[in-house]
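Notes follow once the structure below has been shown.
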Amino acid sequence: MSKDDIIREVYNTLVERKENPSDSYTSKLMQDSDKKAEDKILEKLGEEATEVILASKNSEDLVHESADLIFFILVDLVYKGIPLDDVFDELISRHK
C-alpha cells in the first residue's frame with residue numbers, strides 16, 4: 001500500500017467495523033447508543049484537537065497527535081455516513 005492510500009484504507013476499515021461489529025474499540029464505539037456514541041466520538045475529537053494544539057505549542061509529538069486527530073475525524077465521518085470523497089472534493093474545490 002502506498003502512503004497516499006492510507007487515509008482511504010483506514011476509512012474503509014472503519015466502515016467495515018461499523019457495518020460488521022467486531023471486538024475493536026472503534027467498532028464498539030460506533031455501535032453504542034446513538035447519543036452515547038456521538039458524545040464519545042466528539043469527546044475524543046476535542047481531546048485529540050487539544051493534544052495537537054499542545055504538541056504544536058510545545059514542539060512535542062505533533063506527528064503522533066496529528067495522526068490521532070485525523071483518525072478520529074475519520075471515525076466521525078464514518079459514524080455520520082459521510083463519504084471520504086466528499087472531503088476530498090471539498091479540498092479540491094478550495095485548492096482552485
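We use all heavy atoms of the structure for the numbers below, so side chains are in, but hydrogens, waters and symmetry mates are not. What you see is a predicted model; the values in this text were computed from it and never measured.
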Atom [atom1] of [X] and atom [atom2] of [Y]: how far apart are they, to the nearest 0.5 Å?
X: F72; Y: L42; atom1: CZ; atom2: CG; answer: 12.0 Å
X: L54; Y: S59; atom1: CG; atom2: OG; answer: 12.0 Å
X: I73; Y: I41; atom1: CD1; atom2: CD1; answer: 12.5 Å
X: L14; Y: L84; atom1: CG; atom2: CG; answer: 10.5 Å
X: M30; Y: K40; atom1: CE; atom2: NZ; answer: 13.0 Å

Compare every heavy atom of [Y] with every heavy atom of [X], then report the nearest pair and how far apart it is.
X: R8; Y: D85; answer: NH2-OD1, 2.7 Å
X: V87; Y: L77; answer: CG2-CD1, 3.7 Å
X: A49; Y: L69; answer: N-CD1, 3.8 Å
X: Y11; Y: L74; answer: CD1-CD2, 4.2 Å
X: S27; Y: S22; answer: OG-N, 2.8 Å

Derivation and outcome, side-chain contact (heavy atoms from CB on, under 4.5 Å), residues R17 and K28: CA-CA 9 Å; R17 289 182 181 170; K28 289 178 183 177; over 6 Å; no

Listed partners of N12 passing side chain to side chain donor-acceptor pair (under 3.5 Å), at least two apart: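 N12 satisfies side chain to side chain donor-acceptor pair (under 3.5 Å) with no other residue.
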
[X] side chain vs [Y] backbone, donor-acceptor pair below 3.5 Å:
X: S56; Y: I53; answer: no
X: T13; Y: E9; answer: yes
X: T50; Y: G46; answer: yes

Stepwise, does the side-chain contact (heavy atoms from CB on, under 4.5 Å) test hold for K35 with D39? CA-CA 6 Å; K35 179 71 171 146; D39 286 349; 3.4 Å; yes

Has N20 got more than 12 heavy atoms of other residues, nucleotides or ligands less than 6.0 Å from its CG?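 Result for CG/N20: enclosed.
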
Treating Ile, Leu, Val, Met, Phe, Trp and Tyr as nodes and any side-chain heavy-atom pair under 4.5 angstrom as an edge, say whether I92 and I82 lie in one connected cluster.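 Each belongs to a different hydrophobic cluster.
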
Shared hydrophobic cluster, Y25 / L45 (ILVMFWY, side-chain heavy atoms < 4.5 Å):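 Same cluster.
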
Are any non-hydrogen side-chain atoms of T26 and Q31 less than 4.5 angstrom apart?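 Answer no - side chains too far apart.
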
Any side-chain heavy-atom pair of L29 and Y79 under 4.5 Å: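 Result no, sub-4.5 Å side-chain heavy-atom pair not found.
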
Any salt bridge (Lys or Arg N to Asp or Glu O under 4.0 Å) involving residues 48-77? Give me the pairs, sequence neighbours left out, ordered by first then second residue.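 Sorted pair list: K44-E48.
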
